Undergrad: 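Here's a structure for you.
Since the model is a prediction, treat every value here as computed from it, not as a measurement. Sequential numbering from 1 along the given sequence is applied to the chain's residues. Only this structure's heavy atoms are used, side chains among them; waters, hydrogens and symmetry mates stay out.
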Amino acid sequence: MPLPLQIDTKQMEPDITVVEFAGRITMGPDSRRMETLIEDLLRKNQKKFIFDMTGVDYVDSSGMGSIAHCFTQVRHAQGGFRIAGLNARVQQLFKITRMDTILAFYPTVAAAAESPW
């Protein structure tokens, strides 16, 4: 049985929220937890998000849908959404689903934070 998805947040100056994931992003409560977290942060007027996926080894179609949902919510709030630290396997899933054409990817959180928003 795989371990549940770990989700942690940290703030980067001046106004960026880094959401760190570790484990597998799959159908079920984990995906819903991610969506709820982003909705709560948007209500608190957080607008810039970096999803640090360095610790993610697998994303299923439901997980991809949840990431797309989060991206859409942030865009509707006129916010910024970036993904950092994908391994080759997970990056391939983003290519297959063509989500790589709409999302911004960076090799590291630092690179994502430094790039102009």
Undergrad: So, do Phe81 and Phe71 have ring centers that fall under 6.0 Å from each other?
TA: yes

Undergrad: Taking side-chain contact (heavy atoms from CB on, under 4.5 Å) as the test, write out the residues that go with Thr108, two or more places apart.
TA: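 side-chain contact (heavy atoms from CB on, under 4.5 Å) check on Thr108 returns Ala110, Ala111.
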
Undergrad: In terms of side-chain geometry, is the basic nitrogen of Asp100 or Lys95 positioned less than 4.0 Å from the acidic oxygen of its partner?
TA: no

Undergrad: I need the Glu20 CD to Lys10 NZ distance, nearest 0.5 Å.
TA: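 Nearest 0.5 Å value for the CD-NZ distance: 4.5 Å.
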
Undergrad: Under a 4.5 Å cut-off applied to non-hydrogen side-chain atoms, are Val56 and Leu86 in contact?
TA: no

Undergrad: Please assess Leu37 against Val19 for the test side chain to side chain contact (heavy atoms under 4.5 Å, CB included), listing each intermediate value before the final yes or no.
TA: CA-CA 9 Å; Leu37 172 67; Val19 184; 3.9 Å; yes

Undergrad: Nearest 0.5 Å, please: how far is CD in Gln6 from CG in Asp30?
TA: 8.5 Å

Undergrad: Give me the atom names and distance for the closest heavy-atom approach of Ile25 to Gly63.
TA: CG2-CA, 3.5 Å

Undergrad: Looking at Ile38, Val74, Thr17, which one forms a side chain to side chain contact (heavy atoms under 4.5 Å, CB included) with Gln46?
TA: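 For Gln46, the side chain to side chain contact (heavy atoms under 4.5 Å, CB included) test succeeds with only one of Ile38, Val74, Thr17, which is Thr17.
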
Undergrad: Can you confirm whether Tyr58 sits close enough to Thr26 that some side-chain heavy atom of one is under 4.5 Å from a side-chain heavy atom of the other?
TA: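 Counting from C-beta outward, Tyr58 and Thr26 do come under 4.5 Å.
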
Undergrad: Within this structure, what is the CD-CG distance for the pair Glu35 and Asp40, rounded to the nearest 0.5 Å?
TA: 12.0 Å

Undergrad: At their closest point, which heavy atom of Met64 faces which heavy atom of Phe94, and how far apart are they?
TA: CE-N, 3.4 Å

Undergrad: Does Arg33 CZ have over 12 foreign heavy atoms under 6.0 Å away?
TA: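 Yes.
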
Undergrad: Of the non-hydrogen atoms in Ser62 and Met27, which two are nearest, and what is the gap between them?
TA: OG-CB, 3.3 Å

Undergrad: Of the non-hydrogen atoms in Ile67 and Ile83, which two are nearest, and what is the gap between them?
TA: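 For Ile67 versus Ile83, the nearest heavy atoms are CG2-CD1, 4.0 Å.
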
Undergrad: Could you work out the complete set of other residues in the hydrophobic cluster of Val18, with links drawn between I, L, V, M, F, W and Y side chains under 4.5 Å apart?
TA: Met12, Ile16, Ile50, Val109, Trp117

Undergrad: Evaluate the side-chain proximity of Leu42 to Gln73: yes if any heavy-atom separation is below 4.5 Å, no if none is.
TA: yes

Undergrad: For the residue pair Ser66 and Met34, what are the closest heavy atoms and their distance?
TA: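 Of all heavy-atom pairs spanning Ser66 and Met34, the closest is CB-CE, 3.4 Å.
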
Undergrad: So, taking the atom named CZ in Phe51 and the one named SG in Cys70, what distance separates them when rounded to the nearest 0.5 Å?
TA: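 Interatomic distance, Phe51 CZ to Cys70 SG, rounded to 0.5 Å: 4.0 Å.
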
Undergrad: Output the distance between atom CG (Asp52) and atom CD1 (Ile7), rounded to the nearest 0.5 Å.
TA: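 The CG atom of Asp52 sits 12.5 Å away from the CD1 atom of Ile7.
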
